[in-house]
2 protein chains.
Amino acid sequence: MVSLKDISVRCGVSVATVSKALNGHKDVSEATREKLVRTAREMGYFPNAQARALKTNRTFNLGVMFLDEAGRGLTHEFFAKVLNSFKTEAERAGYDITFISNKDIGGRRMSTYEHCKYRSVDGIVIACTDFTTPDVFEVINGDIPVVTIDHIFDCRTAVVSNNESGMEKLLNYVADCGHTKIAYIQGKRSAVAEKRLAGFWKACTARGIEIRPDWLLTGDYCNPDNTYQLTKKLLKNKEIPTCIFMPDDYAAIGGLNAIKDAGLSVPEDISAVGYDGIAYSQLLSPKLTTYSQDTPTIGATAAKQLISLIENPRSTFTEVITVDGQFLEGGSVKKL
Amino acid sequence: MVSLKDISVRCGVSVATVSKALNGHKDVSEATREKLVRTAREMGYFPNAQARALKTNRTFNLGVMFLDEAGRGLTHEFFAKVLNSFKTEAERAGYDITFISNKDIGGRRMSTYEHCKYRSVDGIVIACTDFTTPDVFEVINGDIPVVTIDHIFDCRTAVVSNNESGMEKLLNYVADCGHTKIAYIQGKRSAVAEKRLAGFWKACTARGIEIRPDWLLTGDYCNPDNTYQLTKKLLKNKEIPTCIFMPDDYAAIGGLNAIKDAGLSVPEDISAVGYDGIAYSQLLSPKLTTYSQDTPTIGATAAKQLISLIENPRSTFTEVITVDGQFLEGGSVKKL
DNA sequence: TCTATTAACGGAAACGTTTGAAATACTTGG
DNA sequence: CCAAGTATTTCAAACGTTTCCGTTAATAGA
């Protein structure tokens with residue numbers, strides 16, 4: 001690998017000058033800067049990331065904290081897409097991304113935060129299904145810039161999907177279709193679940209739609225089996241709803257199967273809506289009526305915010321950015 | 001951050017001794033090593049990854065090269081799962097992973113290989129849909145340890161799924177069910193497509209099953225729309241097959257929709273098989289008969305091989321490791 | 001012409017490690 | 001009790017940068 005020194009001897013200047021020239025400092029003449037930049041290019045010079053980081057404490061590396069209880073990790077389409085756009089935006093700004101978790105190093109267990117310190121990441125994005133773990137708290141309370149996705153902490157900037165208004169839009173559509181007997185299956189207790197339920201509740205009361213306790217079930221996100229069971233349970237009651245809100249699109253597949261197995265069909269006998277707008281939901285027939293989260297914007301915004309936090313710490317305030325999604329009218333809701 | 005020096009002054013020894021003690025060198029007495037290790041723990045010491053890397057040229061970072069033409073990236077379930085298990089295994093061994101691609105740094109375009117050099121990754125895993133790009137060649141021809149997934153280069157160890165025998169197994173099952181009029185839709189030209197077609201061809205000839213050119217179509221992997229069109233085309237012929245091999249499970253969804261739209265049903269009127277064994281395929285009803293690739297083993301094996309290549313360069317030979325998958329009998333193939 | 005100012009560049013320390021060689025301290029056998 | 005050997009520890013250089021500060025050269029003002 002060619003170093004600053006190599007360039008300096010070739011051009012007969014000091015390494016200090018080379019460094020300054022390449023980094024665009026002002027105290028180097030235009031003539032020499034041009035010459036240095038040129039030979040650096042000729043010799044195929046690239047800065048040594050380690051040496052630079054050692055000196056400057058900046059690695060241009062962003063840590064991604066990325067956990068879900070089921071260990072599905074990247075398989076989770078929402079996270080995968082968000083990460084994808086996050087990565088793209090970060091790379092555009094010259095940052096690389098590294099996965100961060102708790103791990104063993106040299107026989108000693110290292111918390112996620114310690115891991116971040118060890119790798120000297122410049123910033124951290126947290127996208128978890130569970131924000132209540134000690135590992136998350138330690139990172140939140142640390143002194144590395146953090147952006148959270150779909151969860152809000154005090155004093156930390158967050159990028160959140162508009163879960164509340166998204167759910168409102170869904171309910172309004174369903175209500176517009178004439179439904180009043182509506183069941184709601186939600187995912188595990190979390191900030192996201194709370195928000196969605198709030199939107200559902202708000203829209204229902206505005207519409208004068210009764211929320212029956214026995215039609216308000218709590219299950220798991222992204223768990224088709226679980227949703228299958230819960231849907232089955234709903235369908236066994238003497239009175240059944242005309243429309244079911246599934247926890248999310250993926251889980252909805254289980255729900256739809258339960259409906260099918262009960263000898264009913266969507267949307268003729270019963271209607272269903274999902275949440276997320278994952279690719280598969282639009283490949284079903286009928287297409288699932290759902291609310292598509294704007295994952296490209298969420299990821300890119302998180303990256304931009306995080307980088308801004310890193311590069312001008314004082315000019316950026318912690319804020320909460322809500323990203324709107326888009327209602328997708330499929331064919332899974334019958335117009336009564 | 002507490003450094004070796006901090007520990008050394010606290011214990012009244014030199015930094016060299018501390019370094020050696022913590023790294024398990026032999027030339028330090030048991031008493032002092034114990035003392036040093038203990039105070040290191042007490043003081044919350046972690047090595048500075050940059051400084052260490054600068055000195056040793058080992059970063060304990062693995063680069064992941066991960067491209068597909070459609071830009072689906074992590075959304076591709078096969079890759080997502082492989083990456084997940086790769087990551088898990090790598091972390092177990094103390095390595096972190098960083099995404100590597102071509103990017104701009106300091107205004108100059110950096111090739112993927114240069115990016116690897118810049119970050120000093122210890123090894124690279126390549127999992128692409130297209131292995132024919134200059135970027136891939138540059139990495140392959142470089143001097144950083146490499147493991148490829150699902151593609152074989154000379155002199156580079158590769159972990160490949162058993163595409164050939166997997167496809168054979170599928171065909172044999174279908175043939176056992178009594179099918180002889182079989183269509184085959186394959187994905188884009190690639191090592192994987194070649195292997196699968198080879199398996200299909202081999203098994204067909206062994207069984208005496210004719211491969212009709214007009215029933216052998218080439219489309220895209222993971223492209224439901226494309227498969228929808230191709231399936232529709234197949235169904236428009238005067239004579240239609242009794243079973244269709246879809247490029248993969250995801251694409252199969254398009255094919256299944258085409259069948260449904262043609263007023264036919266699976267498996268009563270026509271049978272279908274997929275490939276991959278993605279989660280969704282087993283949520284359809286009927287479940288898709290397919291061949292599940294062992295993504296956990298593929299990823300973990302790739303990580304183990306790569307790390308072995310890094311840690312004992314001479315004792316490890318480049319090899320090709322084939323990972324078996326598993327036949328999944330769904331309900332999408334009718335027994336004639 | 002002389003001094004003050006500015007522009008351009010170099011010296012050198014520092015970041016936190018690792019490591020071979022040198023130095024010191026301990027054993028042990030004769 | 002000494003020499004030779006071994007066990008333990010320290011020195012110091014090195015990895016490739018960045019950056020503060022000092023130095024020289026050039027320019028301008030008087």
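First the proteins, then the strands, lettered A, B, ... as listed; each starts at 1.
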Less than 6.0 angstrom from the centroid, inside 45 degrees of the normal: does Lys87(B) satisfy that with respect to the ring of Phe99(A)?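 Satisfied, under 6.0 Å and within 45°.
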Going from CZ on Arg92(B) to CD1 on Ile307(B), what distance comes out if it is rounded to the nearest 0.5 angstrom?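 Going from CZ on Arg92(B) over to CD1 on Ile307(B), the span is 9.5 Å.
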If you measure from CD1 on Ile124(A) to OG1 on Thr112(A), what distance do you get to the nearest 0.5 Å?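 Rounded to the nearest 0.5 Å, the CD1-OG1 separation comes to 9.0 Å.
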Would you mind reading off the bend of the helix from dT1(C)-dA30(D) to dG30(C)-dC1(D) from its two end axes, five pairs each, to 10 degrees? 50°
List for me each residue that meets ring-ring contact (aromatic ring centres under 6.0 Å, His included) alongside Tyr113(A), sequence neighbours excluded, and say none if there are none.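 Tyr113(A) satisfies ring-ring contact (aromatic ring centres under 6.0 Å, His included) with no residue once adjacent residues are dropped.
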Contact interval (first through last nucleotide) of DNA chain D with protein chain B, 4.0 Å heavy-atom: dT8(D) to dG16(D)
Over 60° means perpendicular and under 30° means parallel, so tell me whether Phe131(B) and His151(B) are parallel, tilted or perpendicular.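 Parallel: the ring planes of Phe131(B) and His151(B) meet at under 30°.
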Enumerate all atom pairs, one protein N or O and one N or O from nucleotides 17-20 of chain C, separated by less than 3.5 Å.
from, atom 1, to, atom 2, distance (Å)
dT17(C), OP1, Tyr45(B), OH, 3.0
dT17(C), OP1, Asn48(B), N, 3.3
dT17(C), OP2, Leu4(B), N, 2.8
dT17(C), O5', Tyr45(B), OH, 3.2
dT18(C), OP1, Asn23(B), ND2, 3.2
dT18(C), OP1, Arg52(B), NE, 2.9
dT18(C), OP1, Arg52(B), NH2, 3.2
dT18(C), OP2, Ser19(B), OG, 2.6
dT18(C), OP2, Asn23(B), ND2, 3.0
dG20(C), O6, Lys20(B), NZ, 3.3

With sequence neighbours excluded, residues passing side-chain contact (heavy atoms from CB on, under 4.5 Å) with Asp150(A):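 Asp150(A) satisfies side-chain contact (heavy atoms from CB on, under 4.5 Å) with Phe78(A), Val160(A), Ser161(A), Asn163(A), Val192(A), Gln293(A) once adjacent residues are dropped.
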Contacts of Asn162(A) that satisfy side-chain hydrogen bond (donor to acceptor under 3.5 Å, both in side chains) - sequence neighbours left out: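 For Asn162(A) the side-chain hydrogen bond (donor to acceptor under 3.5 Å, both in side chains) partners, ignoring immediate neighbours, are Ser165(A), Tyr291(A), Asp324(A).
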Any chance the side chains of Asp96(B) and Thr98(A) put a donor and an acceptor closer than 3.5 Å? no
After noting the C-alpha distance and the side-chain angles of Ser14(B) and Ser8(B), does the key distance pass the side-chain hydrogen bond (donor to acceptor under 3.5 Å, both in side chains) rule? CA-CA 5 Å; Ser14(B) 73; Ser8(B) 78; over 6 Å; no
Evaluate whether atom CZ of Arg33(A) has more than 12 neighbouring non-hydrogen atoms of other residues, nucleotides or ligands under 6.0 angstrom away. yes
